[in-house]
Amino acid sequence: MLKSQTISTRGLLAAVIIGSASAYSIPRDTFTPTIKGTPQVLGLVSDPSFNRDSCGSVRFQTRDFWTCRDTQVNDEQGRPGGGTISSTAGFTPFNFDGTPYVEQTNIVRMTGDNHAPFYDMTNEQCSACNQCNGNTAGACLDGKTRYALWPDSPPMVTAGQFEGQVTAYTWIKNQKLEGLTLLQNNPSTALHKITYDPFNPGPKALPSVSIANPEFWPEGSFAYGSYGNVVNDGVAYLYAKADDNGKPIALAKVAADSVEDKSKYQYWVGGSWTSKQPAITDSNAHLVNAGAGGQGTYYYYEPWNRYVWIGQAGISISAEFFITTAVKPQGPWSQPTLLYKGVDGNATLPAYSLQAHPTLRPGSRNEVYLTYSKVDRWDGVELDVYSTPLIRIEWE
Ligand SMILES: *[C@@H]1O[C@H](CO)[C@@H](O)[C@H](O)[C@H]1NC(C)=O
């Protein structure tokens, strides 16, 4: 199946080694996060009408808002058979005490009306286009290639997280694939803008989304914000990861109310902030230990006064969650360490898209929720079934 093959290629081509060879000579954060008790698997985050992977979430006022990548529509027997939608979205409500609402069947609902891709594929606005938007999968007429507009991280909320109109942004690479192969490393990256009025839509209505800039980051440059992001004290810190050259991570910042204005951005290069965007190959722009190399989530955690990254190692396809911390967004970061190991699926690609959900429980509670895409092979049929286990970790 195109979906798993593609992700497989992306995972296996990764070449990041945890704790690079030069890391021992540089300063590191020495904080040690400690888990209290045994992490709890609360259930699966799911909408039973869909088979989908790579979901991340962020708080939109009284609910957590999720975006996912490729989504198959299930038939009445719950078998994935329908077409592929390249991205979908949904909401999870909270209980009165702020915990995510878990149904008796151990399902945390993630519901939304998804008939078309949540994120728009463009037609003629940019050089990376036409993005083959005549169908919901982004499949091109040559029968071989597709535009897979897959979010690498959940939307970044810049306004209205607790009240008023919500504004959020996502950067998605304009990525074209042929079968197993990325046709281009470091393609251009679109800035997608999400707005949401909680008083307007019904329970299944999804936020509005539009393309603020189809090529916000040009081809061949760091796609700041796509790998992860944190808003703290009105400043958006935006992480990028290159597709090649050892897959270095880099950091930019901008006032949270100026995300669309590229002239306001500053870049972390050679130990200070500069307004000149560095090249991907500029090693002065590369952060050390700011993640373990795979997909994950950055957030700021007040009880520790630290930035936190939780996610997967660069060449891993198992549900091993690594963690690293830093007092400042640029570091020094600690060396990533193994935090938690979830149950792998039994398909060719057992687990990926490891995510933390720092806003899934509102308020600064002493805990964090984790999810990943677990893939199991159905007996006797050529079908991969994707699920999203939800794990609760309590800190000492
Ligand atoms: C894989 O896991 C699924 C779901 O738990 C199960 O139904 C199936 O029997 C397993 N297949 C194998 C070969 O273990």
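Treat the numbers as computed from the prediction; the structure is a model and nothing was measured. First listed ligand is number 1; within each ligand, the first listed atom is number 1.
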Looking only at side-chain N and O atoms, does Thr170 offer a donor or acceptor that is under 3.5 Å from a partner on Tyr119? yes
May I have all residue pairs that pass disulfide (SG to SG under 2.5 Å) and include part of residues 42-102, sequence neighbours excluded? Cys55-Cys68
Not counting sequence neighbours, list each pair that qualifies as a side-chain hydrogen bond (donor to acceptor under 3.5 Å, both in side chains) and has a residue in residues 248-258. none
Matching residue for Leu251 among Tyr298, Trp273, Tyr267, Tyr227 - test: side-chain contact (heavy atoms from CB on, under 4.5 Å): Trp273
First-shell residues of ligand 1 [heavy atom, distance under 4.0 Å]: Asn346, Asp376, Arg377, Asp379
Which residue pairs pass the salt bridge (Lys or Arg N to Asp or Glu O under 4.0 Å) test when at least one of the two sits in residues 316-342, sequence neighbours left out? Lys341-Asp344
Over 60° means perpendicular and under 30° means parallel, so tell me whether Tyr372 and Phe321 are parallel, tilted or perpendicular. perpendicular
